2 protein chains.
Amino acid sequence: MSGVNRKSVADAEERLRSTGERVTVPRVRVLEALLQAGGALTHQEIEVLLGSAALDRVTLYRVLDWLCVKGLAHRMSGGDRVWRFSAIDGQHGRHAHFECRHCGKVTCLDKQSTDELAVNVPRGFRSEGIELTVRGRCAQCA
Amino acid sequence: MSGVNRKSVADAEERLRSTGERVTVPRVRVLEALLQAGGALTHQEIEVLLGSAALDRVTLYRVLDWLCVKGLAHRMSGGDRVWRFSAIDGQHGRHAHFECRHCGKVTCLDKQSTDELAVNVPRGFRSEGIELTVRGRCAQCA
DNA sequence: CGGGAAAGCGCAACTCAGTTGCATGAACCC
DNA sequence: GGGTTCATGCAACTGAGTTGCGCTTTCCCG
Ligand SMILES: [Mn+2]
Ligand SMILES: [Mn+2]
Ligand SMILES: [Zn+2]
Ligand SMILES: [Zn+2]
């Protein structure tokens with residue numbers, strides 16, 4: 001149901017453990033939410049998903065930031081100035097996103113890796129990561 | 001010097017005129033600033049550039065938005081939640097950007113058009129535009 | 001198992017880019 | 001010039017994300 005999924009909790013915990021850092025309740029719950037999500041989630045959407053026994057707003061921000069630093073999640077800046085987060089999972093690494101201009105939903109384009117994307121940068125510039133967002137209409141809003 | 005450049009004012013005015021919409025002082029001054037800029041500018045940076053006889057904050061926001069709607073400029077959402085704007089000029093259309101993680105400066109990668117970029121989207125999704133941002137270290141901050 | 005140091009959490013107050021509503025002023029069509 | 005329409009300016013507001021600090025949890029070691 002919408003309750004806790006044993007397997008995904010264990011999965012989240014294991015990923016956290018593998019960083020060598022502290023495994024805390026907020027980290028487990030947030031990473032689990034991201035792993036189960038179908039797309040990239042805003043801070044607000046995650047708060048709703050966590051529902052009862054919600055975390056403090058600030059803690060959620062800090063956990064999300066931490067997950068990104070540790071490479072367990074990545075962040076995209078939407079056209080609405082709101083960040084969205086999604087888990088980086090073994091098979092699909094950093095990927096492109098689709099943002100629907102009508103409903104605002106952000107879909108992960110898992111097939112479209114941004115690691116392999118070749119972009120020429122001027123001499124002396126060093127590329128460390130690429131953010132690629134396609135904007136348009138999603139299937140629901142067609 | 002840093003004052004008004006006749007030629008670029010005329011250039012800005014002509015572009016505005018070609019939209020068939022009203023040509024106003026704020027629109028001319030803002031578009032001129034964007035045309036002369038080396039990279040993508042934030043709202044704040046534009047305010048500084050305009051210097052004396054600055055526009056109202058709100059007017060500047062509205063002018064920038066209007067320029068984007070009319071296709072004379074485009075907007076990118078930086079990693080710092082701040083929008084940056086650059087003119088779309090005849091030769092180089094919508095293009096990719098480079099954002100320096102150290103100094104925050106955003107450089108236009110004019111050679112890297114985002115119009116020609118081919119990205120596969122899921123069935124039923126319609127792509128209407130692509131935003132591509134490379135993050136890393138710029139030449140100054142190397 | 002217990003400490004205890006180090007790191008993370010929660011709360012309250014804050015910042016600041018961008019928005020909204022409305023009265024005034026400037027384009028521009030005739 | 002005169003009137004209509006649209007843009008500007010001001011003030012008040014919104015809301016995502018941040019900061020500082022005291023309290024709690026993790027987890028390492030004995
Ligand atoms: Mn994603
Ligand atoms: Mn640009
Ligand atoms: Zn949609
Ligand atoms: Zn730099």
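Chain identifiers are assigned alphabetically (A, B, ...) following the order of the sequence lines, protein sequences preceding nucleic acid strands; residue numbering begins at 1 within each chain. A quick note: this is a predicted structure, and the numbers were derived from the prediction, not measured.
- Taking the centre of each ring, His43(A) and Tyr61(A) come in below the 6.0 Å mark.
- Residue Arg57(A) places no side-chain atom within donor-acceptor reach of the base of dA16(D), judged by atom type and a 3.5 Å distance cut-off alone.
- Residue-level contact check: Arg27(A) touches the backbone only, with heavy atoms under 4.0 Å from sugar-phosphate atoms and none from bases.
- Residue side chain Arg22(A) does not reach the base of dC27(D) through any donor-acceptor N/O pair under 3.5 Å, judged by distance alone.
- For the pair Arg75(A) CZ and dA16(D) P, the interatomic distance rounds to 15 Å; values are reported in whole Å.
- Across the interface with DNA chain D, nearest-nucleotide mapping of Thr24(A) and Arg62(A) shows Arg62(A) to be the residue nearer the 5′ end.
- Of the candidates dA16(D), dG18(C), dT8(D), dA16(D) carries the atom nearest the Val82(A) side chain, counting heavy atoms from C-beta on.
- One can place CD1 of Ile46(B) at 13 Å from P of dA17(C), the figure rounded to the nearest angstrom.
- No chain of hydrophobic side-chain contacts below 4.5 Å, direct or via other Ile, Leu, Val, Met, Phe, Trp or Tyr residues, connects Trp83(B) to Ile88(B).
- By the 4.0 Å N-to-carboxylate-O rule, Glu99(B) lies too far from Arg101(B) to be salt-bridged with it.
- At whole-Å resolution of the value, CD in Glu47(A) and P in dG10(C) are 12 Å apart.
- Other residues, nucleotides and ligands place more than 12 heavy atoms under 6.0 Å from the CG atom of Asp65(A).
- Rounded to whole Å, the distance from CD on Gln44(B) to P on dG18(C) is 9 Å.
- Summary of the strand contacts: Tyr61(B) and Glu21(B) both lie near DNA chain C, and taking for each the nucleotide with the nearest heavy atom, the more 5' one is attributed to Tyr61(B).
- In this entry the distance linking CG of Leu64(B) with P of dA7(D) reads 15 Å, nearest Å.
- Contact annotation for Arg17(B): backbone-only contact, meaning every heavy-atom pair under 4.0 Å involves sugar-phosphate atoms and none involves a base.
- The nearest whole Å value for the distance from the CD atom in Glu13(B) to the C1' atom in dC28(C) is 14 Å.
- Separating the CG atom of Asp56(B) from the C1' atom of dA23(C) is a distance of 14 Å, rounded to the nearest angstrom.
- Arg126(A) and Glu128(A) are joined by a salt bridge, as a carboxylate oxygen and a charged side-chain nitrogen come within less than 4.0 angstrom of each other.
- Residue Val58(A) is in base contact, counting any heavy-atom pair closer than 4.0 Å across all strands shown.
- Rounded to whole Å, atom P of dT15(C) lies 15 Å from atom CZ of Arg81(B).
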